[in-house]
Amino acid sequence: MSKIVRTRFAPSPTGGLHLGGVRTALFSYLYAKQHNGQFVLRIEDTDQTRFVEGAEQYINDTLTWCGIEPDESPAKGGQFAPYRQSERKEMYMQYALQLIKSGNAYYAFDTPEDLEAMRNAHRSETNPNPQYDAKVRMTMKNSLTLSAQETTALLDVNTRYVVRIKMPENELVTFTDMIRHEVSFDTNLLDDKVLVKADGMPTYHLAVVVDDYLMNITHAFRGEEWLPSAPIHILLWKYLGWENDMPNWAHLPLILKPDGNGKLSKRDGERLGFPVFAKKWTDINGTARGYDDIGFLPSAFLNTLVMLGWNDGTDQEIFSLAEMIKKFDMGRVHKGGAKYDYEKAKWYNQEWIKKMDAAQINEFVKPLFATENIDIKNEDYFLAVCELVKERCGLLPEFIPQARYFFEAPIAIDIDSIKLKWNDDKKNFFTEFIASTDKISDWSAENIEEYFKNLATEKNIKVGELQLPMRIMLVGAKYGPTVFQIASRIGKEESKSRIEKVLGILG
RNA sequence: GCCGUGUUCGUCUAAGGGUUAGGACACCACCCUUUCACGGUGGUGAUACGGGUUCGAAUCCCGUACAUGGUACCA
């Protein structure tokens with residue numbers, strides 16, 4: 001009896017997919033999967049003037065990177081194909097006609113100049129944005145003011161027209177939102193929105209209703225910016241006679257700029273120093289960085305997004321995609337917008353890096369090493385190194401400095417850090433240390449440490465005094481895991497060689 | 001302007017009439033470590049304001065302020 005849950009993500013291919021868009025996709029995906037339903041990707045390309053080459057591919061790539069693949073999409077196909085609205089153009093007109101026939105829509109022949117004139121005539125201090133509504137529609141050039149013959153005549157000679165919804169007067173449109181509960185609007189305040197544009201394309205308003213119906217969508221989630229136009233959609237569902245099939249709505253809270261106010265936008269990323277796009281986006285205006293290329297794990301990116309406006313009621317903050325599917329609850333999604341916090345996002349990334357084992361991180365880190373031309377000797381060694389340094393990495397590229405010295409001797413040596421306290425005793429210590437390493441049969445961290453400490457005691461030097469020089473010799477700088485672990489990893493000969501080299505520099 | 005939606009530490013949030021208003025990020029201090037992280041302990045820090053309702057309000061109601069979205073032949 002209950003229908004199969006079908007959600008859709010319906011972006012416009014106008015550029016990179018922004019944080020908010022991905023979150024909408026994520027919530028739609030989670031809801032569908034939680035109910036063993038289907039998640040559909042539909043491309044809303046009804047505005048041909050805003051079409052951007054490559055944007056659709058980018059959307060696919062983003063969902064793939066995030067691991068939230070649609071069950072049906074333009075690329076994948078499906079039983080409700082096509083999934084690109086431009087390819088569904090012919091399907092919309094019949095519904096527009098149906099609306100005209102039932103008296104809920106009409107032809108309008110007004111030119112842009114006519115509209116401008118109307119707005120100028122009505123514009124005032126208290127009405128800065130005059131609408132095409134019940135108050136003025138009878139003064140305009142449309143099938144309501146023209147006779148049937150006149151209308152037909154205009155249509156016959158291919159006069160440019162649009163189809164507008166005839167907004168009823170004195171009605172209260174009420175609907176239930178999964179997040180906001182009951183919401184209502186007074187139709188007297190709504191205008192006669194265009195349903196079909198002069199180029200024959202439907203506007204979002206018509207297309208979203210027709211497609212959600214035709215594609216059996218049961219739950220429609222979108223950003224809060226759509227809330228004010230929801231009554232138009234509700235009315236359309238009713239006028240088209242599909243009221244019983246109307247999806248459940250949820251208008252998601254907005255993701256806001258971390259500083260000032262307002263919706264997060266592309267510009268903000270550049271200004272505030274963090275990406276707003278999931279993946280790197282390049283167009284004629286240049287390249288905008290994405291979470292993928294600054295070194296985020298998809299799991300961390302998703303985790304960041306899901307916590308923006310939702311929580312499971314406990315203190316848990318780290319959720320895998322599988323856990324999100326299990327625990328997500330639209331009823332617990334916040335009503336208010338959330339300011340985006342990049343610092344917190346980085347924290348999620350670090351948590352995920354720590355959580356994942358080396359074998360899992362491997363696939364993300366390895367390409368980075370390839371780009372740096374760092375020769376990964378062998379897989380096991382590489383994995384062991386990743387495991388050793390991962391807790392020091394908040395962003396994937398940090399693996400490069402944190403792990404590089406395990407593969408090649410450091411070029412830059414921070415001599416200044418040890419120079420001041422350098423003396424003959426230390427020099428003798430290290431000289432003897434490298435000369436006697438044969439006494440350490442098994443070159444393990446424990447054995448090296450034991451021998452190193454014994455030798456220090458023998459020489460009457462504090463072990464601590466020697467660890468920093470040792471670190472500088474092996475790493476070149478003041479960071480990394482325990483020196484003995486590093487020495488053990490890079491091997492006896494390499495350790496000796498690095499110590500020797502710095503001894504030479506110190507003289 | 002009008003309409004919609006919102007408002008708990010700087011930020012993300014918990015608390016659905018009774019809690020010393022909890023957690024996390026960030027920040028500060030200390031501990032661990034003679035590196036850098038991780039980890040641990042502690043600290044600073046919030047119910048926008050004003051009225052109600054109630055024995056009792058962050059929580060319910062009204063008003064104000066502020067924020068945010070919409071007000072296109074864009075989505």
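Side chains are part of it too, since the values below use all heavy atoms of this structure and drop only hydrogens, waters and symmetry mates. Residue numbering restarts at 1 for every chain, and letters A, B, ... go by the order of the sequence lines.
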## Note on the structure
By nearest-nucleotide position on RNA chain B, the 5'-leaning member of Tyr204(A) and Arg471(A) is Arg471(A)
## Note on the structure
5'-most contact on RNA chain B (nearest-nucleotide basis), Gly309(A) vs Trp347(A), goes to Gly309(A)
### Query
Is the count of non-hydrogen atoms from other residues, nucleotides or ligands lying under 6.0 Å from Asn120(A) atom CG greater than 12?
yes
Indicate the atoms forming the closest heavy-atom contact of [X] with [Y], along with that distance.
X	Y	result
Ala477(A)	Arg471(A)	O-CG, 3.4 Å
Phe109(A)	Arg160(A)	CD2-O, 3.8 Å
Ala358(A)	Glu387(A)	N-OE1, 3.2 Å

With a non-hydrogen cut-off below 4.0 angstrom, is [X] in contact with a base, only sugar-phosphate, or nothing?
X	answer
Gly223(A)	nothing
Asp110(A)	base
Thr46(A)	sugar-phosphate
Ala198(A)	base
Pro253(A)	nothing
Asn311(A)	sugar-phosphate
Arg222(A)	nothing

Listed nucleotide nearest any side-chain atom of [X], set [options]:
X	options	answer
Val162(A)	A75(B), C73(B), U35(B)	C73(B)
Arg332(A)	G1(B), A15(B), U35(B)	A15(B)
Arg164(A)	U71(B), U35(B), C73(B)	C73(B)
Pro228(A)	G69(B), C73(B), A75(B)	G69(B)
Glu343(A)	C25(B), C73(B), G70(B)	C25(B)
Arg392(A)	A75(B), G69(B), A37(B)	A37(B)
Lys354(A)	C38(B), G70(B), A75(B)	C38(B)
Pro128(A)	C3(B), G1(B), G10(B)	G1(B)
Glu465(A)	U34(B), A75(B), C12(B)	U34(B)
Trp226(A)	A37(B), G70(B), A75(B)	A75(B)

Polar atoms only, N or O, under 3.5 Å: list the protein pairs with nucleotides 5-8 of chain B and their distances.
unit_1, atom_1, unit_2, atom_2, d
U5(B), O2', Arg180(A), NH1, 2.8
U5(B), O2', Glu224(A), OE2, 2.9

### Message
Does a side-chain N or O of Lys478(A) approach OP1 or OP2 of A37(B) to a distance below 4.0 Å, or not?
### Response
no
Do we see a donor-acceptor contact under 3.5 Å between the side chains of [X] and [Y]?
X	Y	result
Gln316(A)	Glu323(A)	yes
Asp259(A)	Tyr340(A)	no
Asn142(A)	Arg164(A)	no
Trp281(A)	Asp283(A)	yes
His251(A)	Arg222(A)	yes
Asn454(A)	Thr457(A)	no

Could you tell me the separation between the [atom1] atom of [X] and the [atom2] atom of [N], rounded to a whole number of Å?
X	N	atom1	atom2	result
Lys390(A)	C36(B)	NZ	C1'	17 Å
Tyr405(A)	A37(B)	OH	P	13 Å
Gln485(A)	U33(B)	CD	C1'	13 Å

### Task
Might you work through the salt bridge (Lys or Arg N to Asp or Glu O under 4.0 Å) test for Glu351(A) and Lys355(A), ending with a clear yes or no?
CA-CA 6 Å; Glu351(A) 288 299 306; Lys355(A) 183 183 163 83; over 6 Å; no
### Query
Does the pair Met118(A) and Asp110(A) meet the rule for a side chain to side chain contact (heavy atoms under 4.5 Å, CB included), with working shown?
CA-CA 10 Å; Met118(A) 179 276 283; Asp110(A) 315 278; over 6 Å; no
Work out how far the [atom1] atom of [N] is from that of [M], and round it to whole angstrom.
N	M	atom1	answer
A24(B)	A46(B)	C1'	15 Å
U13(B)	C3(B)	C1'	30 Å
U44(B)	G4(B)	P	43 Å
G45(B)	G10(B)	C1'	9 Å

### Query
Quick one: what's the B/S/- string for nucleotides 43-50 of chain B, heavy-atom cutoff under 4.0 Å, read 5' to 3'?
--------
### Query
Do the side chain of Lys344(A) and the base of A26(B) come within less than 3.5 angstrom through a donor-acceptor pair of N or O atoms?
no
